[in-house]
Amino acid sequence: MPGLRTARRFTALLDAIPSQCAVCRVWPARPICDACVARFAPPALRCGTCALPVPAGVTGCGDCLLHPPPLDACLAACAYEWPWPDCIAQFKFRGDAGWAAPLATLLRSAPWVEPALEQCDLALPMPLAPERLRERGFNQALELTRRLAPDKTDATLLLRTRETPAQSGLTRAERLRNLRGAFAIEPLRAAEVHGRRVVLVDDVMTSGASVFAAAEVLRGAGAAHITAVVLARTDAPQQ
């Protein structure tokens with residue numbers, strides 16, 4: 001589609017324009033310079049299915065061994081600690097969609113994310129409920145997904161069917177109960193998930209309840225492989 005190709009070329013041109021690093025303020029640089037990425041988002045040993053930190057030689061955390069999540073893999077670019085919460089807040093809550101490109105670049109540079117994107121059939125953003133979408137004006141997960149895999153992004157296949165009460169302050173079990181029935185596959189397109197490799201994209205993963213609930217719906221529709229790709233992961237396990 002000529003219009004889409006033109007838009008992508010224009011976006012790539014904007015992304016290439018030098019700017020000031022939002023973290024260290026060096027100029028000229030990318031919005032997040034390579035030095036700050038290396039310093040504040042170094043590769044870390046994480047559980048393969050929930051992305052919590054694990055010791056050397058360990059591939060899965062105890063909770064995932066006891067209660068395996070409905071994910072085949074979970075990848076996180078960085079811990080949800082300074083400076084990333086400030087950057088994500090500007091993107092997510094202050095309407096600055098220009099952060100999509102540098103944050104997607106940070107996410108794409110994380111180990112194993114590139115192969116996951118190349119091997120998947122579908123790249124699905126975590127959906128927002130209509131009320132939240134109206135408040136925010138855009139879905140930050142969709143903006144990231146479009147930057148990560150524009151030819152595989154589908155914004156209408158996975159749906160948020162209802163808004164849920166705030167998750168903060170709830171235990172992990174309460175969060176999971178809170179999200180039951182909150183996601184669904186577009187009824188007329190359920191067959192498109194069957195046998196497919198899916199990448200599920202979100203900005204921040206806290207307890208994992210939202211991602212797990214969405215993944216359960218995809219698994220129920222017959223997805224062959226599900227990888228969650230998240231920008232930032234809180235490193236304290238939720239009880």
Side-chain angles (χ1 to χ4, degrees), residues 41-81 84-85 88 106-127 141 144-145 148 158 160 164 166-185 193-239:
L45 296 173
R46 294 183 175 275
C47 172
T49 49
C50 79
L52 280 176
V54 292
V58 175
T59 58
C61 72
D63 194 58
C64 285
L65 293 175
L66 290 172
H67 309 287
L71 293 172
D72 296 287
C74 186
L75 308 171
C78 60
Y80 189 65
E81 57 188 32
W84 308 122
I88 293 169
L106 171 63
L107 183 48
R108 182 179 279 277
S109 67
W112 308 112
V113 169
E114 189 79 34
L117 294 169
E118 290 177 354
Q119 294 167 14
C120 77
D121 302 298
L122 297 166
L124 306 180
M126 284 291 290
L144 290 173
T145 310
L148 293 170
L158 179 64
R160 183 80 179 239
T164 53
Q167 296 280 79
S168 58
L170 300 181
T171 66
R172 182 177 182 275
E174 288 170 338
R175 289 171 185 247
L176 290 169
R177 285 196 297 270
N178 196 28
L179 286 158
R180 284 176 185 161
F183 299 96
I185 302 297
V193 178
H194 187 77
R196 299 297 187 92
R197 296 180 67 92
V198 179
V199 164
L200 190 60
V201 180
D202 206 2
D203 57 339
V204 178
M205 184 173 175
T206 306
S207 69
S210 296
V211 169
F212 295 165
E216 284 182 348
V217 169
L218 293 167
R219 189 70 76 193
H225 190 281
I226 305 170
T227 298
V229 169
V230 299
L231 178 61
R233 177 65 158 109
T234 57
D235 282 352
Q238 302 291 311
Q239 301 301 318

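Everything numeric in this text was worked out from a predicted model, so none of it was measured.
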query = Is V58 close to L45 at the side-chain level, that is, under 4.5 Å between some pair of heavy atoms?
reply = no
Smallest separation among heavy atoms of W84 and A41, with atom names = CZ2-CB, 3.9 Å
ask   = How long is the span from the CG atom in L106 to the SG atom in C78, to the nearest 0.5 Å?
value = 5.0 Å
query = Is the shortest heavy-atom distance from the side chain of L218 to the side chain of L200 under 4.5 Å?
reply = yes
inquiry  = Show the nearest heavy-atom pair for residues L75 and A116, with the distance to one decimal.
reply    = CD1-CB, 4.2 Å
query = What is the distance from atom CG of L71 to atom NE2 of H225, rounded to the nearest 0.5 Å?
reply = 9.5 Å
query = If every non-hydrogen atom of A228 is compared with every non-hydrogen atom of V211, which pair is closest and at what distance?
reply = CB-CG1, 3.7 Å
request  = Evaluate the side-chain proximity of L144 to D203: yes if any heavy-atom separation is below 4.5 Å, no if none is.
outcome  = yes
ask   = Passes side chain to side chain contact (heavy atoms under 4.5 Å, CB included), V229 versus L107? Steps please.
value = CA-CA 8 Å; V229 169; L107 183 48; 3.5 Å; yes
query = Shortest non-hydrogen contact from T145 to A141?
reply = OG1-O, 2.6 Å
remark   = L65 and G60 have their tightest heavy-atom pair at CD1-O, 4.3 Å
ask   = How about V199 and E118: do any of their side-chain heavy atoms sit closer than 4.5 Å?
value = no
inquiry  = side chain to side chain contact (heavy atoms under 4.5 Å, CB included), that's the test. Do C74 and C47 meet it? Break it down for me.
reply    = CA-CA 8 Å; C74 186; C47 172; over 6 Å; no
query = Would you call D202-R233 a salt bridge at under 4.0 Å N-O?
reply = no
query = Please, which pairs that meet salt bridge (charged side-chain N to carboxylate O under 4.0 Å, His left out) have at least one residue in residues 205-218, sequence neighbours excluded?
reply = none
inquiry  = Taking the side chain as everything from C-beta on, heavy atoms only, tell me whether H67 gets closer than 4.5 Å to F212.
reply    = no
query = So do the side chains of R197 and L122 get within less than 4.5 Å of each other, counting heavy atoms only?
reply = no
inquiry  = For the CZ atom of R196 and the SG atom of C120, what is their distance to the nearest 0.5 Å?
reply    = 10.5 Å
inquiry  = To the closest 0.5 Å, what do you measure between CG (L52) and OG1 (T234)?
reply    = 7.0 Å
ask   = Can you list the steps and then say if I88 with Y80 is a side chain to side chain contact (heavy atoms under 4.5 Å, CB included)?
value = CA-CA 9 Å; I88 293 169; Y80 189 65; 4.1 Å; yes
inquiry  = Could you tell me if the side chain of L158 sits less than 4.5 Å from the side chain of I185, heavy atoms only?
reply    = yes
message = With salt bridge (charged side-chain N to carboxylate O under 4.0 Å, His left out) as the rule and sequence neighbours excluded, what pairs involving residues 47-58 come up?
response = none
ask   = R46 side chain to A51 main-chain N or O, any donor-acceptor pair under 3.5 Å?
value = yes
key: pair D72-T49: side-chain heavy atoms closer than 4.5 Å   = no
